[in-house]
Structures are given as C-alpha cells and as structure tokens.
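Working notes, structure below.
Remember, it's a predicted structure, so these values are computed and weren't measured experimentally. One-based numbering along the sequence shown.
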Amino acid sequence: MQIRFAVPAETRRPGKAHRYDVFGLKVGRSLTFFHPQALDRWIDFERDRAVTWYCERPVRINDGKFKRLVDFYAIRQEKEELSFILKPGEDPDCTPEELLGPGFVQWCHQSEIAVRLISSDATPSHRQIITNNWGHILRELSAFGRYVPAQLTDSILLELSNPRTLDELQLRYPKVDPILLKVASFSLLHRGLASCAGIEQQPFSSSLPFSVL
C-alpha cells in the first residue's frame, strides 16, 4: 500500500512544552513528541499488530476558520486513518465536521481515510501500566534488538508453544545472556507472534507468561 505521509510537516516545539524523544521501530526513525497524550498514542501504534505504519504531525488543516495540526497518520489493516487528540475542554461527543470542518471531512471521505477523535478512555492507573510496560519494551528493543540472533528468536518461538515465563526461559537457556532472552521475547510480542498474559493489566515482571498466538 502506498504511504501518503512519511515525515512530519511541522517539527517546531510549542512554547514551554515538554519534549519526548523516541525511536519508532515500525517506521525506522527517531520521533519527537511534545505532549504525553501523543506519547501514549505512539505506544498504542507500536503495540497494535494491526498498525503497519504511522507518522506524527503529518499535515496541517488550513480551511477557513478550521485550523489544526493533524496529530497522527496511520495505516491499520491496509486502511488509512488520521487521528486527532482532543484538547482540554473539547467535547468528546462532537462530530469530526464540528471540530475539523466539513470540507476536510469530505476530502477524507473521498480519499477513503478514516477520521478518529481520540480522548482518554482508559483509567489513569490502567493507562500508566500500558505506558510503563510498553515504554520499557520499546526502549529495550531499541537499545538491544540488533544484538539478538535470529536463531535465538526462532528457538524461543518454538519454546512458547507452551507458555513460558522469562524465569523459565532462563533455566532452559542457561548459557544465554538474560537480556537477550528478554529482548527476543519482547521482539516476538512486538511483531505479533506471541502474547504475554497480564502485560496490560499489571506491572511487568519476569513471572508473566509468554505464549504463541
């Protein structure tokens, strides 16, 4: 599928905004965000196996009184979408036409691009678990993923035909660096080849089981 947006249209840092620098594994480049909700959305794209591409701040709407920077472009199951993170005070029940203007929404419809308005629908504690766990996973993959032999990942995938915790994998691979075992397991999880029970409900620990999907 053709990628419509690959790099951000705007990179300027808003005044006094906090800066988050990350590496996007699915897009193979560094990204910068200026709001924690954008960081959360990025994590959602990376952890969702249905998403194969995304781009932050891909284009700005400038249609009369409707002026807004698009927060994300993504390809999900071979379909395009544009995401807008609702700002404080914006009505979560408003329509895309009310927020973005009928002209822009009509263009999206004609271009077969879905429009998503994103509000915080998870409880703060649940969202924190997802952000912390997947933030840890993505940092480990970015730092050490290149050092994991493909043969090790393939071997662990076979092991996970029966659920295994990291503690159990370390017993089965006593001569392998535990970091490589962990990162190989994270890679299978990120690629959608394995699952980890409880990873989005409780803080990550080496006692959580991994299994083949």
Residue pair Glu90 / Phe84, side-chain heavy-atom distance below 4.5 Å: no
Can you name the side chain to side chain donor-acceptor pair (under 3.5 Å) partners of Asn132, sequence neighbours left out? none
Whether Trp134 side chain and Ile199 backbone form a donor-acceptor pair below 3.5 Å: no
Ile118 vs Asp44 side-chain heavy atoms within contact, under 4.5 Å: no
So does Ala6 get a backbone contact from the side chain of Arg29, meaning a donor-acceptor N/O pair under 3.5 Å? yes
Could you go through the side-chain contact (heavy atoms from CB on, under 4.5 Å) check for Leu117 and Cys94 one step at a time? CA-CA 9 Å; Leu117 305 183; Cys94 68; 4.1 Å; yes
Can you name the side chain to side chain donor-acceptor pair (under 3.5 Å) partners of Tyr73, sequence neighbours left out? Glu80
Under a 3.5 Å distance rule, please check whether Gln106 uses its side chain to pair with a backbone N or O of Gly103 as donor and acceptor. no
Could you check whether any side-chain N or O of Glu56 sits under 3.5 Å from a backbone N or O of Phe33, counting only pairs where one atom can act as donor and the other as acceptor? no
Report yes if some heavy atom in the side chain of Arg41 is under 4.5 Å from a heavy atom in the side chain of Asp71; otherwise report no. no
Give a yes-or-no answer on whether the side chains of Tyr54 and Ser83 include a donor-acceptor pair shorter than 3.5 Å. no
Side chains of Phe104 and Arg68: does their closest heavy-atom pair fall under 4.5 Å? no
To the nearest 0.5 angstrom, please state how far the CG atom of Leu39 sits from the CZ atom of Arg19. 13.5 Å
Do side-chain atoms of Arg57 reach the backbone of Glu10 as a donor and acceptor pair under 3.5 angstrom? yes
Would you say the side-chain atoms of His126 pair up with the backbone N or O of Glu200, donor to acceptor, closer than 3.5 Å? yes
When rounded to the nearest 0.5 angstrom, what is the spacing between CH2 in Trp42 and CG in Asp40? 10.5 Å
Nearest heavy-atom contact between Ser185 and Ile156 is OG-CG2, 4.1 Å
Do Phe5 and Met1 share a hydrophobic cluster (ILVMFWY, side-chain heavy atoms under 4.5 Å, transitive)? yes
Can you tell me which residue among Val22, Ile43, Asn133 is in a side chain to side chain contact (heavy atoms under 4.5 Å, CB included) with Leu138? Ile43
Side-chain donor/acceptor of Arg13 to backbone N/O of Ala17, under 3.5 Å: yes
To the closest 0.5 Å, what do you measure between CZ (Phe144) and OG (Ser187)? 14.5 Å
Is the number of heavy atoms from other residues, nucleotides or ligands within 6.0 Å of OH (Tyr147) greater than 12? no
Check the hydrophobic clustering (I, L, V, M, F, W, Y; side-chain heavy atoms under 4.5 Å; chains of links allowed) and say if Phe34 and Phe72 are grouped together. no
Sub-4.5 Å side-chain heavy-atom contact between Phe66 and Pro102: yes
Return yes when atom NZ of Lys79 has more than 12 non-hydrogen atoms of other residues, nucleotides or ligands closer than 6.0 Å, and no otherwise. no
With a cut-off of 6.0 Å (strictly less than), are more than 12 heavy atoms of other residues, nucleotides or ligands near NE2 of His109? no
Counting C-beta onward and ignoring hydrogens, is there a side-chain heavy-atom pair between Glu140 and Ile137 closer than 4.5 Å? no
Rounded to the nearest 0.5 Å, what separation is found between the CG atom of Leu99 and the CG atom of Asp91? 10.0 Å
Considering only distance and modelled atom types, tabulate donor-acceptor pairs under 3.5 Å from the side chains of residues 204-213, sequence neighbours left out.
unit_1	atom_1	unit_2	atom_2	d
Ser205	OG	Ser207	N	3.4
Ser205	OG	Ser207	OG	2.8
Ser206	OG	Asp167	OD1	2.9
Ser206	OG	Asp167	OD2	3.2
Ser211	OG	Ser195	OG	3.3

